[in-house]
Amino acid sequence: MRILPVLAFSLIALPAVAAMPPLGNGYGAIDAPRDIDPLTLAQRFCDARIAESDMGALARYFAPKLTRLLEQHASAHLTAPVPWQSHEQRPTGCSLEVVNGFDDTIGVLVKLTYTANGTTWSDTLNLERTPDSWLINNVFYDGGGNLRFRLVDSLGS
């Protein structure tokens, strides 16, 4: 007798569940419209690095964990710059390449290849999909390490 109510509920609820778009475990539907795409966000990041401008214009696109680390860094090191890239010199050029997938993934890696004074290096921007946007989650440095670990390390010293 207990099976009948469960079976009846399943027959009613199953079509509704089947009709729902894939939600990506809280990351939003894969095909949902977003306010920015990964390549546009990566290009804005590159442009800010080349202009050596304040990254504050991109703050709305920082993932929550990165935002907390940046706030802690700012309050602990008022003059220490945030290590947004693996090399200290200001890049004069930057090219982009999507490394893994695009809108159908939870995260996207975008390889940033910088040039400056005859030097070339590549960092990788880690972007995270949200229900209505893409967020900068981390920067993986050329040669190892990453922005979030470096920020955590700086807080310990």
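Only this structure's heavy atoms are used, side chains among them; waters, hydrogens and symmetry mates stay out.
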Item to complete: Please check if the distance between the ring centroids of F45 and W134 is under 6.0 Å.
Response: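 Here the rings of W134 and F45 have centres that are no less than 6.0 Å from each other.
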Side chains of [X] and [Y], heavy atoms from C-beta outward: is any pair under 4.5 Å?
X	Y	answer
M55	V82	no
I136	L66	yes
V110	V99	no
I50	T92	no
T113	T120	yes

Fill in: Candidate pair W121 and Q89, rule side chain to side chain contact (heavy atoms under 4.5 Å, CB included), full reasoning
CA-CA 11 Å; W121 72 93; Q89 57 187 317; 3.9 Å; yes
Worksheet item: Backbone N or O of Y114 within a donor-acceptor pair of the H87 side chain at under 3.5 Å?
Response: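 It does not hold such a pair.
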Worksheet item: Is S75 reaching over with its side chain to a backbone N or O of Q72, donor-acceptor style, under 3.5 angstrom?
Response: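 Yes.
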Give, for atom [atom1] of [X] and atom [atom2] of [Y], the distance between the pair rounded to the nearest 0.5 Å.
X	Y	atom1	atom2	result
L112	D123	CG	CG	6.5 Å
L41	L125	CG	CG	6.5 Å
N137	N126	CG	CG	4.5 Å
L135	Y61	CG	OH	9.5 Å

Worksheet item: What side-chain hydrogen bond (donor to acceptor under 3.5 Å, both in side chains) pairs are there with at least one residue in residues 39-49, not counting sequence neighbours?
Response: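 Listed by first then second residue: D37-T40, Q43-D47, R49-Q85.
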Worksheet item: So, for P91 and A116, which heavy atoms are closest and what is the spacing to 0.1 Å?
Response: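 Where P91 meets A116 most closely, the heavy atoms are CA-CB, 3.8 Å.
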Worksheet item: Any idea which heavy atoms bring S122 and K111 closest together, and the distance?
Response: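 Closest approach of S122 to K111: OG-CE, 3.3 Å.
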Fill in: Summary of salt bridge (Lys or Arg N to Asp or Glu O under 4.0 Å) pairs that have at least one residue in residues 51-60, sequence neighbours excluded
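Sorted pair list: D35-R60, E52-R90.
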Discussion item. Using side chain to side chain contact (heavy atoms under 4.5 Å, CB included), reason through R129 and V108 one step at a time and then give a plain yes or no.
Written reply: CA-CA 8 Å; R129 187 180 85 213; V108 170; over 6 Å; no
Could you give the side-chain donor-acceptor pairs of residues 138-147 under 3.5 Å, partners two or more places apart or in another chain?
| residue | atom | partner | partner atom | Å |
| --- | --- | --- | --- | --- |
| N138 | OD1 | L147 | N | 3.4 |
| N138 | OD1 | R148 | N | 3.1 |
| N138 | ND2 | N146 | OD1 | 3.0 |
| Y141 | OH | P83 | O | 2.4 |
| N146 | OD1 | R148 | N | 3.1 |
| N146 | OD1 | F149 | N | 2.9 |

